[in-house]
Chemist: 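So that we are looking at the same thing, I have put the structure below in structure tokens.
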There are 2 protein chains.
Amino acid sequence: MKNSIKVERAKKNITQADLAKLSKVSRQTINAMELGKYVPSTVLALRLAHIFEVDVNQIFTLEDSDWD
Amino acid sequence: MKNSIKVERAKKNITQADLAKLSKVSRQTINAMELGKYVPSTVLALRLAHIFEVDVNQIFTLEDSDWD
DNA sequence: CCTTTTAGACAAACAAACTTTACATTTAGT
DNA sequence: ACTAAATGTAAAGTTTGTTTGTCTAAAAGG
């Protein structure tokens with residue numbers, strides 16, 4: 001699964017720490033997520049979409065391998 | 001977090017078992033999700049949105065308590 | 001330069017998602 | 001009423017998300 005959190009974050013010009021606070025998770029969670037190290041929970045995905053005022057699908061997109 | 005999986009499933013007229021196969025999870029996972037017993041992973045949420053041909057936000061919606 | 005902020009990385013521990021198996025209950029068809 | 005399909009429930013176990021803490025390294029600014 002891909003995500004464009006780093007891009008959305010750049011648009012808003014906020015740091016990983018800022019986003020961590022806004023979305024109420026740890027900074028490491030944001031960092032690892034941006035680096036594709038893991039996939040966030042749906043609640044967190046919805047929170048991020050809400051914060052960035054976009055749709056979930058605009059941030060997170062499935063890849064073929066996500067159907068294995 | 002609320003979800004309208006049961007409704008979407010009714011629209012397509014498919015069973016929990018059908019949806020389980022389509023989304024490649026167990027029937028119990030679908031069942032528990034519909035009953036609000038747990039929140040699916042983002043990958044599964046995206047898969048379901050894809051299957052129902054709607055946006056993730058159309059199926060899953062945050063509640064106030066999801067920000068605690 | 002020097003200092004501070006920001007980002008990347010790793011590990012241990014815990015919480016939550018998900019699977020499997022198995023059984024009980026409801027619903028629908030005949 | 002009988003049967004089969006669909007749904008609900010539950011325990012045990014594996015995998016994955018998340019936190020906390022710490023450490024390194026790369027920007028950014030004075």
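Computed from heavy atoms alone, side chains included, the values below leave out hydrogens, waters and symmetry copies. It should be emphasised that the depicted structure is a prediction, and the values quoted were computed from it without experimental measurement. Protein chains get the first letters and strands the later ones, always in sequence-line order, with residue 1 at the start of each.
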Chemist: Measure from NZ on A:K21 to P on C:dT5 and round the result to the nearest Å.
Modeler: 13 Å
Chemist: Picking from C:dG8, D:dT19, D:dG8, which would you name as closest to the side chain of A:L35?
Modeler: C:dG8
Chemist: Would you give the length of the straight line joining atom NZ of A:K11 to atom CZ of A:F52, rounded to the nearest 0.5 angstrom?
Modeler: 9.5 Å
Chemist: Any side-chain N or O of A:S41 under 4.0 Å from OP1/OP2 of D:dG17?
Modeler: no
Chemist: Is B:W67 reachable from A:L19 through a run of hydrophobic residues whose side-chain heavy atoms are each under 4.5 Å from the next?
Modeler: yes
Chemist: Quick one: A:L46 CG to D:dG17 P, roughly how many Å, whole number?
Modeler: 16 Å
Chemist: Starting at atom CG of A:D18, determine the distance to atom P of C:dA7, rounded to an integer number of angstrom.
Modeler: 8 Å
Chemist: Would you say a side-chain N or O of A:K6 is under 4.0 Å from OP1 or OP2 of C:dG8?
Modeler: yes
Chemist: Please report the distance, rounded to the nearest Å, between OH in A:Y38 and P in C:dG8.
Modeler: 13 Å
Chemist: Report the nucleotide, chosen from C:dA7, D:dT7, D:dT18, that has the shortest atom-to-atom distance to any side-chain atom of B:R9.
Modeler: D:dT7
Chemist: In whole angstrom, give the distance that lies between atom CD1 of B:I30 and atom C1' of C:dT19.
Modeler: 13 Å
Chemist: With distance as the sole test, does B:S23 use its side chain to make a donor-acceptor pair with the main-chain N or O of B:L48 at under 3.5 Å?
Modeler: no
Chemist: Between A:T15 and A:D18, is a side chain to side chain donor-acceptor pair (under 3.5 Å) present by the stated rule, with each step listed?
Modeler: CA-CA 5 Å; A:T15 69; A:D18 291 338; 3.2 Å; yes
Chemist: When you measure from the side-chain N and O atoms of A:K37 to the phosphate of C:dC10, is any distance below 4.0 Å, counting only OP1 and OP2?
Modeler: yes
Chemist: What about B:Q28: does its side chain form a donor-acceptor pair under 3.5 Å with the base of D:dG8?
Modeler: no
Chemist: Taking only side-chain N and O atoms of A:S26, does any of them lie within less than 4.0 angstrom of OP1 or OP2 on D:dT19?
Modeler: yes
Chemist: Starting at CG of B:D66 and ending at P of C:dA16, how long is that distance when rounded to a whole Å?
Modeler: 13 Å
Chemist: For C:dG8, does OP1 or OP2 lie under 4.0 Å from any side-chain N or O of A:N31?
Modeler: yes
Chemist: Can you check the A:I5 CD1 to C:dG8 P distance for me, whole Å?
Modeler: 12 Å
Chemist: Can you tell me how far the OG atom of A:S41 sits from the OH atom of B:Y38, to the nearest 0.5 Å?
Modeler: 14.0 Å
Chemist: What's B:T15 touching, base or sugar-phosphate or nothing? Going by heavy atoms closer than 4.0 Å.
Modeler: sugar-phosphate
Chemist: To the nearest Å, how far apart are A:L48 CG and D:dG17 P?
Modeler: 14 Å
Chemist: Looking only at N and O atoms, is any donor in the side chain of A:R27 or the base of D:dG21 less than 3.5 Å from an acceptor on the other one?
Modeler: no
